[in-house]
Visitor: 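My structure is below; once you've seen it, I'll send some questions.
Chain naming here is simple, since letters A, B, ... match the order of the sequence lines and numbering starts at 1 in each.
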Amino acid sequence: MIKIEAVIRPERLKPVKEALTEIGINAMTIYNVKGRGEQAGLEFTARTGLFRIDELPKVKIEIVVEDQDEEKVVDSILLAARTGEMGDGKIFVTPVHRAVKIRTGDEWRYS
Amino acid sequence: MIKIEAVIRPERLKPVKEALTEIGINAMTIYNVKGRGEQAGLEFTARTGLFRIDELPKVKIEIVVEDQDEEKVVDSILLAARTGEMGDGKIFVTPVHRAVKIRTGDEWRYS
Amino acid sequence: MIKIEAVIRPERLKPVKEALTEIGINAMTIYNVKGRGEQAGLEFTARTGLFRIDELPKVKIEIVVEDQDEEKVVDSILLAARTGEMGDGKIFVTPVHRAVKIRTGDEWRYS
Amino acid sequence: MKYGIAKPIAALGVLTFIVSMALPSVSAAGYDLDTASMTWIMVSTALVLLMTPGIALFYAGMLRKESVMSMLGQTMMVMVVVTLIWVTLGYTLAFGPSQAGLVGGLDYLLLNNTPYGESFLVEGIPDAQFMLFQLTFALVTAALVLGAVAERTKLKALLIFIVIWSIVVYAPIAHWVWGGGWFEDYFVSLDFAGGTVVHICSGVTALALAIVVGRRGSSIQKDRPHNLPLVFIGGALLWFGWFGFNGGSALAADGIAVNAMVVTQISAATAAGTWGLINYLHLGRPGVLGMVTGAVAGLVGITPAAGFVGPMEAIIIGAGAGAFCYATVALKHKLKADDALDVFAVHGVGGIWGALATGILAVPAITSDAGADGVKGLIYGGYDLFFGQIATVGVTAIYAFVISFIIIKVIAMFMDIRLDKKEEMIGQDLIEHGEAAYDI
Amino acid sequence: MKYGIAKPIAALGVLTFIVSMALPSVSAAGYDLDTASMTWIMVSTALVLLMTPGIALFYAGMLRKESVMSMLGQTMMVMVVVTLIWVTLGYTLAFGPSQAGLVGGLDYLLLNNTPYGESFLVEGIPDAQFMLFQLTFALVTAALVLGAVAERTKLKALLIFIVIWSIVVYAPIAHWVWGGGWFEDYFVSLDFAGGTVVHICSGVTALALAIVVGRRGSSIQKDRPHNLPLVFIGGALLWFGWFGFNGGSALAADGIAVNAMVVTQISAATAAGTWGLINYLHLGRPGVLGMVTGAVAGLVGITPAAGFVGPMEAIIIGAGAGAFCYATVALKHKLKADDALDVFAVHGVGGIWGALATGILAVPAITSDAGADGVKGLIYGGYDLFFGQIATVGVTAIYAFVISFIIIKVIAMFMDIRLDKKEEMIGQDLIEHGEAAYDI
Amino acid sequence: MKYGIAKPIAALGVLTFIVSMALPSVSAAGYDLDTASMTWIMVSTALVLLMTPGIALFYAGMLRKESVMSMLGQTMMVMVVVTLIWVTLGYTLAFGPSQAGLVGGLDYLLLNNTPYGESFLVEGIPDAQFMLFQLTFALVTAALVLGAVAERTKLKALLIFIVIWSIVVYAPIAHWVWGGGWFEDYFVSLDFAGGTVVHICSGVTALALAIVVGRRGSSIQKDRPHNLPLVFIGGALLWFGWFGFNGGSALAADGIAVNAMVVTQISAATAAGTWGLINYLHLGRPGVLGMVTGAVAGLVGITPAAGFVGPMEAIIIGAGAGAFCYATVALKHKLKADDALDVFAVHGVGGIWGALATGILAVPAITSDAGADGVKGLIYGGYDLFFGQIATVGVTAIYAFVISFIIIKVIAMFMDIRLDKKEEMIGQDLIEHGEAAYDI
Ligand SMILES: Nc1ncnc2c1ncn2[C@@H]1O[C@H](COP(=O)(O)OP(=O)(O)O)[C@@H](O)[C@H]1O
Ligand SMILES: Nc1ncnc2c1ncn2[C@@H]1O[C@H](COP(=O)(O)OP(=O)(O)O)[C@@H](O)[C@H]1O
Ligand SMILES: Nc1ncnc2c1ncn2[C@@H]1O[C@H](COP(=O)(O)OP(=O)(O)O)[C@@H](O)[C@H]1O
């Protein structure tokens, strides 16, 4: 099993959720984070000179799925989260040994 | 070493912490998340029809322990977090390569 | 690729960010968490006796880097986050299978 | 029309004081207007009006974050419903010419015979102004009730309850205490600014509702106020507004109003301190929520007494209010009812203490300035007043409790009065209003 | 100097009422001071002053959390700029002796001839007090405008706009309506507390600005108010302050002030209820943000009418305000303009409805008490008033819209008037003020 | 009893003005009551009372989220302690018949001889009302002090400090400046609403405390205000309340009160604008926290002058207050003391500037209306006033600083006055009150 972690723009959360629902992926965990990208934020001008805002608000979603679902989930997030502008975010895939459903106590697999 | 991530009901946090303390597990990291389960939330009725609330507040706890502690930690969370109703949450186990204690800089192992 | 997760004191976030910038690491994801350490918090005195505060505010940062950067990132965080007092936090290193840049859809490697 | 009740009200502030006496007749032309008093009552009206949102904030801050909008929304509902009922029917039932002492007649239905430029009922201020000032009290009373049944009671059921209750509980009690009702024929009693009408009435109504509606579910994290600064803002607005509540109840810009403000401040401060001190001794640390609650308890306690006691009595009343309300809250878990925000403990108990303390401490010199000549507290030998206080407190409490209990029980026969378990877990904000309080 | 306009203003409250009549001359010594009225207007001034931060909170709570400080900061800017302009130039342009009916003369430049201890302009209160009371209205009007162009308009551009607009839009309109300008020569019309001057003017100015500034970008998550309790606090302060706004507009502690307060309360409550009810029928759940907005709509609606109608008319006006403003908000997405916080829908539409309703419903007995003898609503056969209302609404709306449109267009020629896309995404708080609202 | 000081106070507003003159004697029967003035002072009392929670919110919002409840709790403690001390002892020490000019006698101990229905001390208003109005000033002064030592000072130590300080610092200074103390025998000076008594006194007391208590630890994230809208709410309540603070200090509903309100508004707006402008020039962006702080600085600056200058002087005073306080805050890091919330920079420096500006700008025509006939600013040749201002400022500042320093030093001998490092890290809210401000 794998965990797909995506850091996306807050305003793309809704499209991403809809895209995932369409491919049958409902379960996910969502939280707000702040992110610095490779450019370490954005630069702006004030009267006295430049200033940099380096922590931008992002949303992180975590989805645990079976290994074979990786492609379709990643693709679907990519499509729904992309604006083409800097700051669209990243997707990370990490291994999961085991998943348990608390209500039943059973090992869990994404159906 | 492994990381045990549990997404639980907010009101079960206290029992879970107590249960873990009992088996000697103190260290953990806790944060609030929003979650969608497999049913994609809950449905309710308003005057004009049904509506769905798909992001429910959950609490996520992360506990890094030695491999051999996996069973007792998972069991203890299962017991304390369960209500038997939909939405009890999930537990995920993922691998951890290495842990370092910042204060000393030493490699760290759960004692 | 690996993910370095560090749980640190909130007031050490700035030094850590600066230290990382110095070694060329900009990208990271940051969020607030509450943590219990191995001592399960701190104990204080009130008129009627002792009381314990077991969830302390911490900041968690996540940095995905190439395997070969592990040492320099960990060392740099260790140095910047350390105060030498209890509660300095921990660093965990976990495996990452794959990283994708959403803007381009390309596989991503830390340059 | 019987304007006979006007003079004592005018002279005494809003109060129950009723001693058998021959009321001097008032000419059809009414009283002269007093512009300073009008100004003071206009200001007091605005101040008391602000207390209703003050209560909403005070309450909302104490709830978990999923129940905030519902508290604010229920308060808006009270603003709407109680205002409309009062101007159409409630006012005349409370202050219309008494019908056998039980309720006011319909002379002021739809605000008929309620001129904005002439004074018949209360010396010096126009009848419409008295009506509006009284409306703000009705609003406060209804809004207070909401705290007991927070986080679980359906808005629609509350709405229907408030409609009926305004007519069959609040208006009659206001009539008995302030509107020339039957109390005056049987009891010597004093209620300067609404210890009985506002606080005891809301406190016992709240208790009745809490019993019938039932406890909140276990999925609700109670006792974790989501926003204490909001509670503080609400408390500050209440303290501020209470100067209009008690000061304005003199119904004139006079020394009694001044004294009411003085004792109000003293009692609130004393009660806040008492609460903090007991809290410190009891649990080791003085909670700020506790001190603010204590201040409110002190304001409640002084309400019936504000026109009849002096500064030193105010200290006693404040200390008592802090102590008794603290004790009630501390014993609350023994109660079967889930009075979510301690409405009974603070307003019920505080109101009863204030009413009895008035009966014990009322200072003859002050009561006579306030127009209640010869009425005095127990320690000055005023047995009739003390027993009058007990009687009016008892009658009000029982009436309000029983009728409220019946109303809500009857409503429950026709509709769901509370959220189901699943809805309760999600929280009333999303379920009933479709709004989350914060996106921070 | 021509003090001829003084008497009607004094007698009527602040209002447009102008019927041709021979004005009795006032001696150079001025009127006697009336200390009760002075007290009431001092209080009302403080109440209306509080409305400006009230608007800021009401607005800021509705925005996303990245635009909070900018709304508060823009309001502070209005406090600064409008105060300074008013005391130097604006007041004399509005209330100085009329120059051909178009604008006031410069007799009161820098508050010359504006004594704090003598009364020439308005009977009973010193001129400086009238000036200050009027300032609070200018503040409210300017602050209201900000809501339409929130989250994207540069502070510097807004500052320049407000400076010019205060002088060439607000002051002249205030002159025409309240300062003895040309309206009185052509129209029979009534505006008790600023339906035209404050609400229609701010509403259409807001619309003009929103059109020129353009829509917010897609990266802004709209319709997710970040802090609804803040909106509630703002709304509560507005409701509270409105008693000074409408009550104080009687410019005296009299029955008309009392009546204004009564109808204000009724209209606000009715409109809040109407909004909630329609919301429930329309979308299934009554939103609390909606109910609070409805209350504001009701307050807006009653503003021009408060001195001329009674309680039952207030119910009609409130219900209409709730319904019409709700409808406008609901149809908003059809609008090209991005009026971020519905300034036009609530203040523009609410103000127009209130003005027309005054023309329809004005009660002869009340208008005559208010000094507008013989002026009456359409249903009492007052055609001249009804058409006068339409005319003054139309003239005001067109003038304010066109001139505001031109001002902001001209400013846009010389500087960027809005944030760029990247800045907008980050949010105005960090970009323009370097401050995040919260660190919770 | 010596009621001789009454007349000037009555005539002048609360002020130091003391020129040697033969005071006309007042009959034992006292003055007539003036109901309009009573109304205005009742309102002003409520307004100033609201400032104390306003300060708490203004301060609490600027702290990190772990120190919020402690600021609110300390303010509640002040409400309790200062109220109780004032009504028992403080008032008589401040306003009792002067004992050799140093302190008031004990004639009003426990509010003896402080009638609510008769006027001896201040013409037109009852003594009890004057007492209550003055109490609200004592509350504000004590509450202001708390900001300097926020986030680290133990509640118990603060409580003991406030008790002693109220008696040996505040009451005597109030006596010297307003209560007929020795200042009048030596100096010609003016302090309309408390530049010396309230602002300089709180500012230097704050500094003394901050020095003795020491800096906050490095684990505290300073300069990250946790909730700026809360600061804005506090600032709004302060601005609003200040109309009672300055306007009410006329102690009558008269032209001086009107003028005080006018100049208050102008100075606040000018200072807010000045701060924003300097901030923009200095750091590139105008901070909103800065503009609000600027407004408070402007309110502080105009406080001693409000009854003695006109609108154009108010612009100068406001601009100076904005500039000087900004400069002090900007240089703050050079200071050894950790004046956490800039109490000295805003209230100390602002108060000193205001007092000196009064000495420079006081307008003869206005001072004479205010009852200080013949007293005039430096630019009108009033050297005695200017030097009197310097002297009273100096004496007050030195006395308050030295005594406060000693008091807290002595307290520190008997107990811990600050949290230890571990406690400070966790934050005072949990450690001292067991409450977290938010659960959002
Ligand atoms: N290597 C990384 N480790 C952890 N988080 C990352 C990493 N790279 C990107 N992120 C997260 O993804 C967000 C967006 O990244 P990116 O699209 O690269 O931003 P930008 O285009 O501004 O560089 C960042 O704000 C951060 O939260
Ligand atoms: N596959 C998953 N990936 C990520 N998070 C999950 C997954 N499944 C469940 N969760 C988290 O656990 C919570 C509870 O899940 P579950 O008990 O399945 O809810 P439900 O019973 O409503 O389907 C979810 O709200 C979500 O936060
Ligand atoms: N085994 C663990 N699993 C998860 N989180 C941990 C673990 N150990 C430490 N942490 C996190 O790191 C923080 C600091 O840990 P530590 O320095 O051990 O604290 P302390 O010194 O108080 O024991 C904790 O508050 C917790 O958030």
Visitor: Does atom CD (B:E107) have a neighbourhood of more than 12 heavy atoms from anything else shown, all under 6.0 Å?
Guide: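 Yes, because the 6.0 Å sphere around CD of B:E107 holds more than 12 heavy atoms from other groups.
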Visitor: Relative to chain B, which segment of C:I2 carries a heavy atom at a distance below 4.5 Å: side chain, backbone, both, or neither?
Guide: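 When you check distances to chain B, only side chain atoms of C:I2 fall under 4.5 Å.
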Visitor: Is B:L13 close to chain C through its backbone or its side chain, or both, or neither, when contacts mean heavy atoms under 4.5 Å?
Guide: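 It is the side chain, since no backbone atom gets that close.
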Visitor: Among B:I102, B:N32, B:V100, B:T104, which has the most heavy-atom pairs under 4.5 Å with chain C?
Guide: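 Winner by heavy-atom pair count: B:I102.
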Visitor: Determine whether more than 12 heavy atoms belonging to other residues, nucleotides or ligands lie under 6.0 Å from atom NZ of B:K14.
Guide: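 No.
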Visitor: Measure distances from C:D54 to the heavy atoms of chain B and classify the residue's part below 4.5 Å as side chain, backbone, both or neither.
Guide: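 For C:D54, side-chain heavy atoms alone lie under 4.5 Å from chain B.
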Visitor: Are any of the side-chain heavy atoms of B:I30 and C:V33 separated by less than 4.5 Å?
Guide: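 No, every pair of side-chain atoms sits at 4.5 Å or beyond.
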Visitor: Can you list the steps and then say if B:M28 with C:E55 is a side chain to side chain contact (heavy atoms under 4.5 Å, CB included)?
Guide: CA-CA 9 Å; B:M28 67 180 72; C:E55 297 185 7; over 6 Å; no
Visitor: Above 12 or not: heavy atoms from other molecules or residues under 6.0 Å from CD of B:E71?
Guide: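 Count over threshold, so yes.
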Visitor: If contact means a heavy atom pair closer than 4.5 Å, which residues of residues 83-98 of chain B contact chain C?
Guide: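 At a heavy-atom separation under 4.5 Å, chain C is reached by B:P95, B:V96, B:H97, B:R98.
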Visitor: So among B:I61, B:T29, B:T21, which one has a side chain to side chain contact (heavy atoms under 4.5 Å, CB included) with C:R36?
Guide: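 Passing option: B:T21.
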Visitor: Report yes if some heavy atom in the side chain of B:K101 is under 4.5 Å from a heavy atom in the side chain of C:E38; otherwise report no.
Guide: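 Touching, per the 4.5 Å side-chain cut-off.
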Visitor: Which answer fits B:K17, side chain, backbone, both or neither, if we ask what part of it has an atom under 4.5 Å from a heavy atom of chain C?
Guide: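 Both backbone and side chain of B:K17 come within 4.5 Å of chain C.
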Visitor: Side chain, backbone, both or neither: which part of C:K34 has a heavy atom under 4.5 Å from chain B?
Guide: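 C:K34 touches chain B through backbone and side-chain heavy atoms alike.
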